[in-house]
Amino acid sequence: MNPLLSSWNGPFSSAPFSKIKNSHFLPAIKEAIVQAKKEIETIKENKETSFENTVVALDRSGHQLDLISSVFFNLHSAESNDELQDLAQEISPLLTQYGNDIILDQDLFTKVKLVYDNEDRSSLTEAEKMLLKKTYKSFVRNGALLNETDKIKLREIDQELSKIKLEFGNHVLEETQRFEKHIVDETLLKGLPPNAIEAAKMEAEQREKEGWVFTLDFPSYQAVLKYADDRNFRKEMHLAFNSKAFKGDKLDNKAIVLKIAKLRNQRAKLLGYQTHAHFVLEERMAKTPAKVTSFLNQLYEKAFPIAKKEMEELLAFAQLQGFRDELQSFDTAYYAEKLKQSLFNIDDEALKPYFSLDKVIEGAFGSAQLLYGIKFIERFDIDKYHSDVKTFEVLDANGDHLAVFYADFFPRKGKRAGAWMTSFQDQYEVNGKDHRPHISIVCNFNKPTKDLPSLLTFNEVTTLFHEFGHALHGILSKTPFKSISGTSVYWDFVELPSQIMENWCFEKESLDRFARHYKSGELIPDELIAGIKASSNFMEATATMRQISFGLLDMAWHGDENIDHINDGVLLEDKAMESTRLLTKIEGTNTSCQFSHIFSGGYSAGYYSYKWSEVLDADAFEYFKEKGIFDQDVAKAFRKLLSSGGSIDPEILYREFRGRDASVDALLKRAGIS
């Protein structure tokens, strides 16, 4: 019996991970597609056409397929192997074809359009109005109004994109995993903190090698760039990290990124849009590429002069340390860390003992309890896909079940780099029953060693709170329909719940609740908190320029209607990023070929969203600070924003929370670039 097609009898109908084999996925997906198509046929054959039996029924269709697909693609990201990657190449086109079969089904669209054109909006709730609008537009934006010839073209483009995006991601993952820096010369370790050295020693032992092994997993890579005294060691790691999928071999992505951009542009034009960016931004708060570019340029004008000054000050400081060369990208983190220590008497290694992973998790959970009254109870009877994963039940203030929460924190073979939030099951309501979500966050922190618990850098602390903020968006969801629940919101709004949570990491009232020395239990000293606060916008203009450069690169790939005539993606990138460059570009490095956010993730024409959402989060947290960072009235208002998902226009949601539109002033003030 295929466990994916059987009833999931675990606690809260959680996924039966331990019973699932790779061989189960393809037949389960195929069978679930057959069943989902039967559900669609039932909708089409219904002689009556109403909002309930057409639009709502469509939202509820394909539930089993959604569950199985979520398990597969989450494992493909967090627990992948060659077999899963090969399966993805088969499964993705099947799902794309299934999606196209629905979205290009003229009879089905006719019924949806009939409801859209004739339904009495005054009888619908706001969530129902949003579902109707979203459902209709999803058909139109995916070719429902095209002629048959163009529909076929659209299907071909979508299937090709589904394959090639997977190929892009697989190349980046394989490049990350195949690199190792094996060291037997102990002098190269000078400057590195003990925990980084011990982690490298453990990595070598796992690979049955003497000495130490450093990898491109971010904790390992970052430790070298920030602390290794040996400049050539830093340079080698930097080049390896920034040349992924850019070496002219079988894993090279240069041709792939061009092809993805061109296919997206062709698809947009087929649908009547000027560019892919115009297509994407129609469903964003920003609305148009011109507004995105204007927004990025507004930040650029403020940040660039200050970023140049920051680099001049960094070079002057490095020269005081005896540096006599041109400052390069592999020097900045190293000297910035030393400068931060000298200015604020603070460094990540001094902070790390106060941020053991278990305590930081407690801090995140505790913040959620103080703000929203919810509790996280660890469960040991919920099946999981790897022994590293922790599982929790989330309870509301009255003790009722709210969600299942998975937490996966450590790097391993087959797990892609970075940090993200995802879901295995979404929240929705049917027949008066509220189906609660199963939410997961995935990170890549240092594993505990023989002598040390997992100790986080302060940046990793904010990363955990960031992803936990996304998780809260899913956990607190309370909407009637799957397609507008949780994080199913505009992508330039989705980062607000995550980015606002980072703010609690800088406040003494919050830090005092969880930042304790892992050995002594001593509370984090006030002077370290003061240092955290004082250094919160250290080199912020430089960091802002980095985000702006990525946003402009994204728009260069997706906002140019003539992209079909461009055959040199390297030149495109150089032109897009030239005005934001603070240091000389290092030959052999490239951003686009490993820019997973926009080429295999969901951020194409949307990378600006991070800065856009920062405006919202700075403005929103300013409100919390005015009233108190755990103020119950403000928290109640923000919970309504979180629980509403995509059922209400985000501009309206934010205005209801704040009493006005967001202002950029709070962000500029916080960043020190006002």
Side-chain angles (χ1 to χ4, degrees), residues 172 175 179 181 188 191 214 216 218 221-248 252-254 257-258 296-297 299-340 538-557 566 568-595 597-598 607 611 673:
V172 175
E175 276 273 62
F179 174 87
K181 174 63 175 175
L188 288 177
F214 292 86
L216 298 184
F218 198 71
Y221 167 74
Q222 184 186 45
V224 174
L225 267 288
K226 286 181 77 169
Y227 298 110
D229 290 340
D230 190 290
R231 192 175 187 231
N232 287 328
F233 183 16
R234 299 200 308 269
K235 180 179 180 179
E236 183 179 352
M237 292 291 288
H238 178 85
L239 283 169
F241 192 89
N242 291 282
S243 63
K244 285 181 287 189
F246 187 66
K247 297 184 179 70
D252 193 284
N253 276 340
K254 287 195 294 291
V257 295
L258 273 169
L296 293 173
N297 286 337
L299 293 179
Y300 176 93
E301 289 171 7
K302 296 283 188 181
F304 187 67
I306 301 173
K308 282 185 69 177
K309 186 179 179 183
E310 288 175 351
M311 277 296 146
E312 290 166 2
E313 291 171 350
L314 189 64
L315 177 59
F317 173 79
Q319 289 170 340
L320 288 174
Q321 311 300 305
F323 183 73
R324 295 292 178 266
D325 211 324
E326 179 186 359
L327 201 65
Q328 300 276 8
S329 301
F330 48 84
D331 299 314
T332 53
Y334 177 77
Y335 285 109
E337 184 61 26
K338 292 185 178 300
L339 177 56
K340 186 169 76 170
F538 174 67
M539 302 287 289
E540 182 62 29
T542 299
T544 296
M545 288 308 304
R546 182 172 182 270
Q547 292 295 92
I548 292 170
S549 72
F550 291 157
L552 291 174
L553 177 60
D554 178 23
M555 295 308 292
W557 277 112
I566 292 175
D568 189 339
V570 178
L571 182 60
L572 178 147
E573 174 174 312
D574 288 344
K575 285 182 177 179
M577 303 181 84
E578 183 60 37
S579 65
T580 63
R581 215 177 289 285
L582 298 167
L583 299 170
T584 304
K585 182 190 174 183
I586 297 175
E587 289 302 313
T589 63
N590 183 268
T591 298
S592 300
C593 287
Q594 57 177 305
F595 202 167
H597 272 76
I598 68 169
Y607 198 84
K611 297 310 291 184
I673 55 176

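Since the structure is predicted, the reported quantities are computational estimates derived from the model, not experimental observations.
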Exercise: identify the closest heavy-atom pair between F179 and A240: CE1-CB, 3.5 Å
To the nearest 0.5 Å, tell me how far L571 CG sits from I566 CD1. 8.5 Å
Can E578 and R581 be said to form a salt bridge (charged side-chain N to carboxylate O under 4.0 Å, His left out), step by step? CA-CA 5 Å; E578 183 60 37; R581 215 177 289 285; 3.8 Å; yes
Is the closest side-chain donor-acceptor distance between S243 and K247 under 3.5 Å? yes
The residue among K244, K254, E573 that forms side chain to side chain donor-acceptor pair (under 3.5 Å) with N590 is E573
Only distances under 3.5 Å count here; give the side-chain donor-acceptor pairs of residues 304-322 to other protein atoms, sequence neighbours excluded, each with its distance to 0.1 Å.
residue: E310; atom: OE1; partner: T542; partner atom: N; Å: 2.9
residue: E310; atom: OE1; partner: T542; partner atom: OG1; Å: 2.6
residue: E310; atom: OE2; partner: A541; partner atom: N; Å: 3.3

To the nearest 0.5 Å, atom CD of Q547 lies from atom OH of Y607 at 4.0 Å
Could you check whether the rings of Y221 and F241 sit parallel, tilted or perpendicular, using 30° and 60° as the cut-offs? parallel
Supply the atom-to-atom distance K181 NZ to F233 CZ, rounded to the nearest 0.5 angstrom. 6.5 Å
Please identify each residue that fulfils salt bridge (charged side-chain N to carboxylate O under 4.0 Å, His left out) with R546, with sequence neighbours left out. none
When M237, K235, E236 are each screened for side-chain contact (heavy atoms from CB on, under 4.5 Å) with L239, the one that passes is K235
Residue of the set L339, L225, D229 for which side-chain contact (heavy atoms from CB on, under 4.5 Å) holds with Y334: D229
